[in-house]
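Have a look at the structure below before the remarks.
All ligand and atom numbering here is 1-based and tracks the order in the structure.
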Amino acid sequence: METKEFYDKTAEKYDSRHTNYMLSYMRKAEEELIKKYVFGKTLDIGCGTGHHLNLVNAIGLDVSLPMLNEAKNKNCTKLVQGSAEDLPFPDKSFDTILCIFTVLNLCDINKAVNEMKRVLKTDGRIIISVTSVWERGNKMLKKKLFRNPQPCRKKMRIEGFRLNFHAFTKEEFISLFRDFKKEYFKGIFIVQNPWWGWHREFSKWEKIKLRADKFQFLNSAARVYLAVFRKTQ
Ligand SMILES: C[S@@+](CC[C@H](N)C(=O)[O-])C[C@H]1O[C@@H](n2cnc3c(N)ncnc32)[C@H](O)[C@@H]1O
């Protein structure tokens, strides 16, 4: 499973790669939502290095042990290694589930969503974000503006790893939770210059370029869907 291998190998660098002004808007939006909607016993699926675990008193689950070790270094204690597609918890055991920042894009979607629904209590909430089909650069965006965008399955090539990646249309994402009540939905653009997903350290020159590109946000923008769904039955 190349996704796990990728995160195993790059866990130490994850935080430095994902702490930048390009992502700070998305992080702020996630945090506001978490503060407003989280209640009760909470599970963070694909918790990674524990970015959200210290905001709420959640159990963190991730497929990658090195990612969980990074979370441990931040004093997160309730950590479980496991897969989103086969959650090691009984039915209806959580009030809130977090699944943030591409976790669902990388999973076997139907299995993962069924598992989330299984372990969530009635009236519980799922706070979730996914990357949408709009995540490509300017040319692709222009093309899509004149066509009906379709869900996109692709191989995302990162540092020699080929990760299965599924980019969502809005309709497809919402329909995954059609039996839930939609409490919040927002599409946010984040700037991902120069190469979204290449996950490498930026050189000095690239950092300068990043700053210069700050305002040309359509150069390489991504749309992230951020949503809250409530289980009503
Ligand atoms: C982009 S990171 C997001 C981490 C964290 N949620 C955040 O917002 O920083 C994706 C995480 O999903 C985890 N992951 C990928 N596939 C998974 C699966 N099938 N089950 C559990 N975790 C998975 C990876 O190990 C990685 O830590």
Protein residues that have a heavy atom under 4.0 Å from any atom of ligand 1, sorted by chain and number: Met1, Thr3, Tyr7, Tyr14, Arg27, Gly46, Cys47, Gly48, His52, Asp62, Val63, Ser64, Met67, Gly82, Ser83, Ala84, Glu85, Ile100, Phe101, Thr102, Val103, Cys107

Stepwise side-chain hydrogen bond (donor to acceptor under 3.5 Å, both in side chains) test for Lys41 and Thr96: CA-CA 6 Å; Lys41 192 173 171 194; Thr96 310; over 6 Å; no

Approximate separation, where rounding is to 0.5 Å, of Asn69 CG and Met67 CE: 11.0 Å

Contacts of Ile174 that satisfy side-chain contact (heavy atoms from CB on, under 4.5 Å) - sequence neighbours left out: Lys170, Lys182, Phe185

Results of side-chain contact (heavy atoms from CB on, under 4.5 Å) for Asn73 - residues two or more places apart only: Glu70

Those residues that, when tested against Lys231, pass side-chain contact (heavy atoms from CB on, under 4.5 Å) (two or more places apart): Lys92, Leu120, Phe180

Val130 vs Phe101 side-chain heavy atoms within contact, under 4.5 Å: no

